[in-house]
2 protein chains.
Amino acid sequence: MFEARLSQGSLLKKILEAVKELVTDANFDCSETGIALQAMDNSHVALVSVLLRAEGFDPYRCDRNMPLGVNLNSLNKILKCAGNEDIITLKADDSGDTLGLIFESPNNDRVGEYELKLMDIDQEHLGIPDTEYEAIVRMPSSEFQRICRDLAVISESVTFNVEKEGIKFTSSGEFGTGAVTLKPHTDIDNEEASTSIELTQSVTLTFSLKYLTLFSKSTPLSDQVTLFLSDNVPLLVEYKMDDSAFIRYYLAPR
Amino acid sequence: MFEARLSQGSLLKKILEAVKELVTDANFDCSETGIALQAMDNSHVALVSVLLRAEGFDPYRCDRNMPLGVNLNSLNKILKCAGNEDIITLKADDSGDTLGLIFESPNNDRVGEYELKLMDIDQEHLGIPDTEYEAIVRMPSSEFQRICRDLAVISESVTFNVEKEGIKFTSSGEFGTGAVTLKPHTDIDNEEASTSIELTQSVTLTFSLKYLTLFSKSTPLSDQVTLFLSDNVPLLVEYKMDDSAFIRYYLAPR
DNA sequence: GACCGGCCAG
DNA sequence: CTGGCCGGTC
């Protein structure tokens, strides 16, 4: 028996928006500690990892580990039937062949009940090594999205150059070149507009803008994004919702 | 060496929006006095003339005349990477093979640096004769845009009939006819909403609405537009931004 | 069906 | 001024 009630249902809706273009089918691995989703993207270039800890739900109950194999496109269609203010409850019985979704409107005068057929998905479970990164950049997620969108005009790839003084994003294409530099900056009135850089070593790496742009669909989930970089190691792009949830993307450098 | 800093960068963004559908490639003729662009539209029916005087920049420096041949579509893409509040600096070194653009955010924690490859464009320099016009109509630019949009429903062309008492725009098409009359009107509280007509002789001329509609993309540049008309002479449609900049369109009558 | 532009709301 | 939504065009 699995049951998880999420008072801020829009969180789940946004997560699906942030993942569905990258992955078509994936397991929701439900356990006592929460719900995890981990999958390579369809072209096996990027990795997505979502964690929703049990503490983020109320109540949360999961008697035994269950991998719920979901077609994300179908799930997304069903989630579009939930209002943004709805409370969403996920349910699965031990047979594990359907996922139940209940959408309750805030004033409880409307209840939607949906069932999604589940599927068996080969669990290619991916150990992600814990890395000490050489550079950690925290910046407004909207800024990151803007930079990806802007530089995509110039080229298909972007080079990140992180120094103590700032992070510089550079692209070069057929009709010209572009570069955006962000300086560390603390806005006390507006913490979410701040940019910070920690590094043990300056780093220069190049990535596909197509994937970064897909990652930046997570912008509505968090005001800030954190980039973790090391030479010859996949970039980690992390959106933390609060202490009980995150979405992480990994992308190998070019 | 050419360098021009424009504190209101959105001006340049809007100018490109107002020109790019008419002209694909053009020279930015940079000289001591400012930046001029003059080009026939792609079908050689209309003429666009933009002038940005040196006084509108701070600082402005141009050591020698340089025609910077630009693909306006590429330039427009790059300008979309500038924020609406950004300060824009244009730069070209004496080789003149790239145009540099620097976008500085208002609080200076974000800098975009772009380079656009330049091209050689045959300078068909167009002498525009100074004309004494028979009729000069000044009106709200939004009104002009609205009239073009409205009458385009009726026909592909519009007839301007200017009398002392008013200007009448008339179209006639397969399913009906339309006419809009504007009377001179001075709104003291709101100068920009006024309409005025000066004439030495009444004038009746017919023009392509397609081009007038393209001209009216300049509406965001100025609250007022001025129409200069004479029999058998191209219409001049002028948007003056302030004393240091204008965009003018010329269109031969049908 | 996808992309771009215009309009409306926060 | 920015972001999201809707409509139109390619």
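Proteins come first, then strands; the chains are lettered A, B, ... in the order of their sequence lines, and each starts at number 1. Only a predicted model underlies this, so the values are computations on that prediction, with no experimental measurement involved.
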Q: Just the rounded figure in Å: distance from C1' of D:dG3 to NZ of A:Lys14.
A: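 From A:Lys14 NZ to D:dG3 C1': 13 Å.
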
Q: Could you state the atom-to-atom distance from CG of B:Asn73 to P of C:dC3 in whole Å?
A: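 Roughly 17 Å, once rounded to whole Å.
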
Q: Between C:dG5, C:dC7, D:dC1, spot the one nearest the side chain of B:Glu85, thanks.
A: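 So the side chain of B:Glu85 is nearest to D:dC1.
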
Q: Whole-Å distance between D:dG3 P and A:Lys217 NZ?
A: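 For the pair A:Lys217 NZ and D:dG3 P, the rounded distance is 15 Å.
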
Q: CD of B:Glu156: more than 12 outside heavy atoms within 6.0 angstrom?
A: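 Atom CD in B:Glu156 is not crowded, with 12 or fewer foreign heavy atoms closer than 6.0 Å.
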
Q: Examine distances only and state if a side-chain atom of B:Ser222 and a backbone atom of B:Lys240 form a donor-acceptor pair shorter than 3.5 Å.
A: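 Yes, because the side chain of B:Ser222 sits within donor-acceptor range (under 3.5 Å) of the backbone of B:Lys240.
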
Q: Could you tell me the separation between the CD atom of B:Glu21 and the C1' atom of D:dC10, rounded to a whole number of Å?
A: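 For the pair B:Glu21 CD and D:dC10 C1', the rounded distance is 14 Å.
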
Q: Under 4.0 Å: is that the gap between some side-chain N or O of B:Lys20 and OP1 or OP2 of C:dC4?
A: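 The answer is no; no side-chain N or O of B:Lys20 sits under 4.0 Å from OP1 or OP2.
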
Q: State whether the side chain of A:Tyr249 and the backbone N or O of A:Ala46 hold a donor-acceptor pair below 3.5 Å, judged by distance alone.
A: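 No: the side chain of A:Tyr249 does not pair with the backbone of A:Ala46.
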
Q: Measure CD/A:Glu17 against P/D:dG4 and give the value in whole Å, please.
A: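 To the nearest whole Å, that distance equals 11 Å.
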
Q: Could you tell me whether the side chain of A:Ser105 and the main chain of A:Arg110 form a donor-acceptor pair under 3.5 Å?
A: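 Checking the backbone N and O of A:Arg110 against the side chain of A:Ser105, a donor-acceptor pair under 3.5 Å is found.
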
Q: Given atom CG of B:Asp86 and atom P of D:dT2, what is their separation to the nearest angstrom?
A: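 Going from CG in B:Asp86 over to P in D:dT2 covers 9 Å.
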
Q: Which listed nucleotide (D:dC1, D:dT2, C:dG5) is nearest to the side chain of B:Asn84?
A: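 My answer, after comparing the listed nucleotides, is D:dT2.
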
Q: How many whole angstroms separate atom NZ of B:Lys77 from atom P of C:dC4?
A: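 B:Lys77 atom NZ is separated from C:dC4 atom P by 9 Å.
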
Q: Can you measure A:Glu143 atom CD to D:dG3 atom P for me and round it to whole angstrom units?
A: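 Value for this atom pair: 10 Å.
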
